[in-house]
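Report on one structure; see the data block that follows.
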Amino acid sequence: MKLATWNVNSLKVRLEQVQHWLVDNSPDCLCLQETKTTNEDFPHSVFTEMGYNSLYNGQKTYNGVAILSKHPVKDPVYDIPGYDDHQKRVVSADIGGIRVVNCYIPNGQDLGTEKFLYKMEWLAALTKYLETLHPKDHPVIVTGDFNIAPTDLDLWDPDGMRDQIFCSKDERDHLQRIFDLGFSDCFRQDNPEVRQYSWWDYRQGMFRQNKGLRIDLVLASAPLKEVHRRSFIDPAPRKSERPSDHTPVISEFSGPLKSPGNTTIP
DNA sequence: ATGACTATACAATATAGA
């Protein structure tokens, strides 16, 4: 199971890039964020023709998430159950025996703002929902654009950004609560020391200078730890013409799962 | 420098992103 996450910052603008990336990389599952597309306008037939099922939860102008999968998509869930949110930020489903939760976590703007409070409330609701999935003994992947850099190794300028948005204590405390449920950060588990980013600001030639943040994550629950093979970031799409400001993050899993049902990951 | 880019909605600017 090769799973990837990519904030495309408008699926309409990036559709051809997504198609090329699927052909070149052949992931089993691609989780998209910021599709900025209504369900009515979602280009599902483009993906069907490429052999991908799609599941989408979108809206006009902002937000929007989708899961593309070569394998059957079972038991879809839209949004965070029990949490009243008009912004379309979550879609999840069972894929090959793994519950995949695709998230676009709120940006938060700046500490102390209304948007930051929304981010905090939203993360609390997500964590509460993830707990109901029993990640300590069920295979669960929670992935997407977290808008949180887990540690200072994930920031190009830790001193300049100290205690600011994307790396504040409050945000990292929320991430820690998710880790406490039994999730781990796949990229960091596989690459303990490396400084690599998944997002670079469009302005000031930040990508050229490699001044970025690692805020796009794949978190795998405890039963997936032993079948996690490798994780990496593909900077290629960020180099293309008219790129998204984010680039894909990929995690690979294989082998038999001890629970539930002793299934083997496709 | 409340800037710099980019996308969207909408028609000259405004909101949002990270």
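Below, all heavy atoms of this structure are taken into account, side chains as well, without hydrogens, waters or symmetry copies. Letters A, B, ... are given to chains in the order of the sequence lines, protein chains preceding strands, and every chain is numbered from 1.
- In this structure, A:Phe207 and A:Trp200 have perpendicular ring planes: the angle between them is above 60°, well past the 30° mark.
- Atom pair A:Met206:CE and B:dA4:C1' shows a separation of 10 Å (rounding to whole Å applied).
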At a cut-off of 3.5 Å, list every protein nitrogen or oxygen paired with a nitrogen or oxygen from nucleotides 14-17 of chain B, distance to 0.1 Å.
none

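- Atom P of B:dA4 sits at a distance of 15 Å from the matching atom of B:dT13, rounded to the whole Å.
- If you take atom P in B:dG3 and the same atom in B:dA14, they sit 13 Å apart, rounded to whole Å.
- Side-chain contact between A:Leu111 and A:Ile165: present, with at least one pair of heavy atoms (C-beta onward) separated by less than 4.5 Å.
- Of the residues in residues 152-163 of chain A, not one comes within less than 4.0 Å of DNA chain B through any heavy atom.
- Taking atom P on both B:dT15 and B:dA1, the two are 24 Å apart, rounded to the nearest angstrom.
- Between A:Phe253 and A:His228, the ring-plane angle classifies as tilted under the 30° and 60° cut-offs.
- In this structure, A:Gln59 atom CD and B:dA9 atom P are separated by 11 Å, rounded to whole Å.
- In this structure, A:Thr61 does not reach the B:dA7 phosphate: none of its side-chain N or O atoms is under 4.0 Å from OP1 or OP2.
- Comparing the P positions of B:dA7 and B:dA18 gives an interatomic distance of 13 Å, to the nearest angstrom.
- Judged by distance alone, the side chains of A:Asp234 and A:Trp21 do bring a donor and an acceptor atom under 3.5 Å apart.
- Atom pair A:Gln204:CD and B:dA18:P shows a separation of 19 Å (rounding to whole Å applied).
- Pairs engaging residues 173-194 of chain A under the ring-ring contact (aromatic ring centres under 6.0 Å, His included) rule: none recorded [sequence neighbours left out].
- Between A:Trp122 and A:Tyr83 there is a side-chain heavy-atom pair separated by less than 4.5 Å.
- Map A:Leu11 and A:Phe166 each onto its nearest nucleotide of DNA chain B; the residue landing nearer the 5' end is A:Leu11.
- When the P atom of B:dT6 is taken as reference, atom CZ of A:Arg14 falls 10 Å away, rounded to whole Å.
- If you check every strand for non-hydrogen atoms under 4.0 Å, A:Ile165 touches nothing.
- The nearest whole Å value for the distance from the CZ atom in A:Phe207 to the P atom in B:dA18 is 17 Å.
- Here the P atom of nucleotide B:dA7 and the CZ atom of A:Arg242 are 4 Å apart, to the nearest Å.
- Other residues, nucleotides and ligands contribute only 12 or fewer heavy atoms inside 6.0 Å of the NZ atom of A:Lys225.
- In A:Gln196, the CD atom is crowded: over 12 heavy atoms of neighbouring residues, nucleotides or ligands sit closer than 6.0 Å.
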For this session: Might you work through the side-chain contact (heavy atoms from CB on, under 4.5 Å) test for A:Val218 and A:Ser231, ending with a clear yes or no?
Result: CA-CA 9 Å; A:Val218 179; A:Ser231 289; 5.7 Å; no
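- Summarising the geometry, the separation between CG on A:Asp110 and C1' on B:dA18 is reported as 10 Å, rounded to the nearest angstrom.
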